[in-house]
There are 2 protein chains.
Amino acid sequence: MRKKNTVARTPSTTSRAIPGAGRRVTSYDVALLAGVSQSAVSRCFKPGASISQATHAKVMQAAISLDYIPNAAARSLITRRSNLVAVIISNLANLYYPQVLSDLSQQIARQGKRLLLFTLEREADIGKVLCDVWQYQVDGAVVAACLSDEQMAEFGRRDVPLVLFNRSPREHAVHAVLCDQAEAARLLVSRLAEAGHRQFAIIDGPGDSAVAQERKAGMLDRLLSLGLPAPIVVSGNYDYASGGRGLRKVIDRLGRVPDAVICGNDIMAIGCLDTARHQMGIQVPLQMSVAGFDALDASGWLSYDITTLRQPVQKMATDAVAMLGELMERRGGSAERRRYCSYLVEGSTARLTVEQPYFGMMAAA
Amino acid sequence: MRKKNTVARTPSTTSRAIPGAGRRVTSYDVALLAGVSQSAVSRCFKPGASISQATHAKVMQAAISLDYIPNAAARSLITRRSNLVAVIISNLANLYYPQVLSDLSQQIARQGKRLLLFTLEREADIGKVLCDVWQYQVDGAVVAACLSDEQMAEFGRRDVPLVLFNRSPREHAVHAVLCDQAEAARLLVSRLAEAGHRQFAIIDGPGDSAVAQERKAGMLDRLLSLGLPAPIVVSGNYDYASGGRGLRKVIDRLGRVPDAVICGNDIMAIGCLDTARHQMGIQVPLQMSVAGFDALDASGWLSYDITTLRQPVQKMATDAVAMLGELMERRGGSAERRRYCSYLVEGSTARLTVEQPYFGMMAAA
DNA sequence: TTGTAAGCGTTATCAT
DNA sequence: ATGATAACGCTTACAA
């Protein structure tokens, strides 16, 4: 019955109803040419299989002359491993941290896996995407987007190892690498408060960014516990323009320049800074401090030198894939949640130490 | 014989030698539960197959209750379509144009395909990557990296539609979307020359960037044909620091400030500009013009407002996938090469018009 | 070490 | 409209 298969494979049978292509080269073709069995061919492509030098050579020669490459679909059907890793990332995250995707890609390749990429225009699209993920029987997934509890549970049910990237799962049994955004935000507020800032303003990130919500929550939390006046909170959407717009709204609402503006990310901080300096003539940091989050490359440029919080994103990406790798090898293992700390990059857009009083007076004048 | 399969699928057979997972849910399980044949189940998941309402409902209900999702590997084995599109992109390109990857991803998803991503640390890695591409039987590929003629030919031999992104194939029969880098560079040089710049300097991109080479060639070409003095050429690697370093080298070699510095991309232009203004006290554009390529978001920020050339990358990405889509539908079609023009963004870092003489004198003073 | 044969989970081609 | 049944191209016992 398989014989029939072998016969059907002679070059004479050319006409096929398949739309485009001429027949594909299979391991049978190679076997025929090399004068060995099909399984011998298969073994030649399996590292560490028992094969004699002689046949290996014959097979490889035949394979090369036919341009033969094993078919991953057929292989994964029988081995039940696709060697695919899904990466699900929101568009936002990709645009602001292109480095992350590059790192994930490198690390996944290093593990001998391929990367199936899904980007989300809106986080709400994740349902459809997951359906694709299941179809392709990925061996694991790194997700930098919001999953519902039910969605996380489905990974468990389908035995697909999952590592969340920068999302804190409510559900306990989920692996994650994450940066404590709220704690970072608290740290920043504390440092600014110590340096004497009292009236804060927050230019918040978009509502569908989990990271933005955590940052805001951390700020509000610490401001409250320090007994400082309620901050002005305006919303932005992480882009340059909303930094400038946000600052204008803040000043409008407050009737004056706040002591410190904390922006949900560095892009907005840069926008805010540019508007303050170039359009409103505000001296930063003398009259007002500006701080952001992320420590982008641009944040360190001479024209900005933003005071910001750096997340070790590269390390996080590397570790996420390493974690996933272990999960894929020996499935199971207890849920691990690896936390990373942001650290403060003390740029020059915020006063972080108490000035001599008269300096402060002069600046205000 | 298939019967055996059906039997083997009763819940009683639980023990399997497969490492981790319990048995997967297959269409046989669904068929059994719904009380129909396996092929009926298959048809239910094929859009536009002939199925009665009644059975469709029964099957879907069973499928949902079992969490059944068709297996893409098995499907692609028989249909000879993986519904995968490979995207091969150099790390460089991804970091500087994250938008491109996002756009490609969206468009590929819109065509009902999934994106298999390969990023290249070095362009030399492409050989290994291609091997993976063949294994996974992708339906098509978008490549933003350098391919040898032989490599392009292999796409043809294997009947995998290919669209090059921003690489001009020497080979004729290859589809591509590209931006004429050399022409853009010539345009820029001409405009600067018209405005009176004579001594040019070039801060070149890295040697393994095809785009950088084309840009440089275009500049040199036009400078020569205009009979202008030979430019100082120093090499950079597309990052911020090499912009500043490049400027210092240029001034070192020239013994004075050049009339115009053209940088291989905007990041270097920004670095050059920052160093000129903040560290060397050079007035831009009064004493020296600075220009770049790409029109990044950052190039438009108030602190910079770089004079630069914009490539319609978003449109290019969209069109590349559209082209690929057509190729995948009705295979074949004549090789199309879609060219796009860069257009000049007249920022404020370069003089583009002839100043009144005495203004020029004042500036120099 | 090698060959034989039984799947892996689908879709496609037939009859019915 | 539905159900048998034969591929698809591979890996992996098992036997030789």
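Residue numbering restarts at 1 for every chain, and letters A, B, ... go by the order of the sequence lines.
- Phosphate contact (OP1/OP2 of D/dC10, side-chain N/O of A/K46, threshold under 4.0 Å): absent.
- A salt bridge does not link B/R122 with B/D208: none of the charged nitrogens is closer than 4.0 Å to a carboxylate oxygen.
- Across all strands shown, A/S27 has heavy atoms under 4.0 Å from sugar-phosphate atoms exclusively, and none from any base.
- Taking only side-chain nitrogens and oxygens, A/Y28 never comes nearer than 4.0 Å to OP1 or OP2 of C/dG3.
- Inspection of the B/D103 and B/Q107 side chains reveals no N or O donor paired with an N or O acceptor under 3.5 Å.
- Residue order along DNA chain D, read from the 5' end via each residue's closest nucleotide, puts B/G35 first among B/G35 and B/A74.
- Look at B/R43 and you won't find any side-chain N or O under 4.0 angstrom from OP1 or OP2 of C/dA12.
- Less than 4.0 Å separates DNA chain C from at least one heavy atom of each of the following residues of residues 47-63 of chain A: A/S50, A/I51, A/S52, A/T55.
- Rounded to whole Å, atom C1' of C/dT10 lies 7 Å from atom CD1 of B/I78.
- Every residue two or more places apart in sequence or in another chain that forms a ring pair (Phe, Tyr, Trp, His ring centres under 6.0 Å) with A/F155 is listed here: A/W134.
- For the atom pair CG of B/L115 and OG1 of A/T119, the computed distance is 8.0 Å after rounding to the nearest 0.5 Å.
- Residue B/S39 places none of its side-chain N or O atoms closer than 4.0 Å to OP1 or OP2 of D/dG3.
- Between the C1' atom of C/dG9 and the CZ atom of B/R75 lies a distance of 11 Å, rounded to the nearest Å.
- OP1 or OP2 of C/dG9 has at least one side-chain nitrogen or oxygen of A/R80 nearer than 4.0 Å.
- Phosphate proximity of C/dG3 to A/S37: present, with a side-chain N or O under 4.0 Å from OP1 or OP2.
- Under the side chain to side chain contact (heavy atoms under 4.5 Å, CB included) test applied with B/K113, the options B/D139, B/L84, B/L324 reduce to a single match, B/D139.
- For the pair B/L77 CG and C/dA12 P, the interatomic distance rounds to 12 Å; values are reported in whole Å.
- Here D/dC8 presents its C1' atom at 13 Å from CD of A/Q38, a figure rounded to the nearest Å.
- B/V138 pairs in a side chain to side chain contact (heavy atoms under 4.5 Å, CB included) with only one of the listed residues (B/L116, B/V85, B/N83), which is B/L116.
- Per the geometry, CG belonging to A/N71 stands 16 Å off P belonging to C/dG9, to the nearest Å.
- Remark: P of D/dT11 and CD of B/Q135 are 9 Å apart, rounded to the nearest angstrom.
- Residue A/T79 has no polar side-chain atom (N or O) positioned under 4.0 Å from OP1 or OP2 of D/dT11.
- The side-chain contact (heavy atoms from CB on, under 4.5 Å) search around A/S65 returns A/L33, not counting sequence neighbours.
- Across the protein-nucleic acid pair, B/R81 atom CZ and C/dT10 atom C1' stand 16 Å apart, rounded to whole Å.
- In this structure, CG of B/L32 is placed 15 Å from P of C/dG9, rounded to the nearest angstrom.
- A side-chain donor from one of A/Q137 and B/R24 sits under 3.5 Å from a side-chain acceptor of the other.
- Remark: A/Y68 is in phosphate contact with D/dC10, judged by side-chain N or O atoms under 4.0 Å from OP1 or OP2.
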